[in-house]
Amino acid sequence: MVILNVDHPDVVDFIKCKAEEEKKAWALIEQGYDASLNGPAYASIFFQNSNNSVRVSDEYMRALEQDGSWQTRAVTDGARSTPTRRATS
């Protein structure tokens with residue numbers, strides 16, 4: 001299992017990564033590659049054999065309930081400016 005905190009700056013990319021890789025597999029399958037799970041279409045993409053989870057905090061859940069904004073935090077030092085998003089996105 002792979003877990004990322006909701007305040008990590010890459011959280012949106014993390015959430016989307018499996019779906020984006022799945023699109024790559026389908027593009028290969030449409031070009032005639034073997035669509036079986038052990039075939040080259042799925043063997044060439046990432047994240048398909050992992051369980052990805054986002055760890056959310058009480059602070060985030062309160063922002064979500066209030067349709068508020070959410071500030072991500074730089075992982076290494078916390079000083080860099082990071083994106084602010086709506087808690088619902």
Any pair with a residue in residues 20-49 that passes salt bridge (charged side-chain N to carboxylate O under 4.0 Å, His left out), sequence neighbours left out, goes on the list, sorted by first then second residue, please.
Glu21-Lys24
For the CD atom of Glu65 and the CZ atom of Arg62, what is their distance to the nearest 0.5 Å?
8.5 Å
Nearest atoms (heavy-atom pairs only) where Tyr42 meets Ser36:
CD1-O, 3.8 Å
Before giving the answer on side chain to side chain contact (heavy atoms under 4.5 Å, CB included), spell out for Leu4 and Arg55 the whole-Å C-alpha distance, their side-chain angles and the decisive distance to 0.1 Å.
CA-CA 6 Å; Leu4 192 72; Arg55 181 184 295 122; over 6 Å; no
Linking I/L/V/M/F/W/Y whenever their side-chain heavy atoms sit closer than 4.5 Å, directly or via other members, would Ile15 and Tyr60 fall into one cluster?
yes
Quick check: do Pro9 and Val75 have side-chain heavy atoms less than 4.5 Å from each other?
yes
Minimum-distance pair of heavy atoms, taken over all atoms of Ser69 and Ala63:
O-CB, 3.7 Å
Under the criterion side chain to side chain contact (heavy atoms under 4.5 Å, CB included), I'd like the reasoning laid out for Asp67 against Arg86: C-alpha separation, chi angles, the key distance, then a yes or no.
CA-CA 7 Å; Asp67 196 28; Arg86 286 187 54 217; 2.5 Å; yes
So if you build clusters from Ile, Leu, Val, Met, Phe, Trp, Tyr with side-chain heavy-atom gaps below 4.5 Å, do Val54 and Leu64 land together?
yes
Quick check: is Ile45 connected to Ile29 through a chain of hydrophobic side chains (ILVMFWY, heavy atoms under 4.5 Å apart)?
yes
I need the Asn5 CG to Asp10 CG distance, nearest 0.5 Å.
12.0 Å
Output, in order, the C-alpha distance, side-chain angles, deciding distance and verdict of side chain to side chain contact (heavy atoms under 4.5 Å, CB included) for Glu59 and Trp70.
CA-CA 9 Å; Glu59 183 182 353; Trp70 180 249; 3.6 Å; yes
Distance in Å, Phe14 CZ paired with Phe47 CZ, rounded so as to fall on 0.5 Å steps
8.5 Å
Approximate separation, where rounding is to 0.5 Å, of His8 NE2 and Arg73 CZ:
12.5 Å
Val6 reachable from Val12 in the ILVMFWY side-chain graph, under 4.5 Å edges
yes
Checking Ser44 against Leu28 for the side chain to side chain contact (heavy atoms under 4.5 Å, CB included) test, could you report, in this order, the C-alpha distance in whole Å, the side-chain angles of both residues, the deciding distance, and whether it holds?
CA-CA 9 Å; Ser44 65; Leu28 291 171; 3.3 Å; yes
Is a side-chain donor-acceptor pair under 3.5 Å present for Asn52 with Ser50?
yes
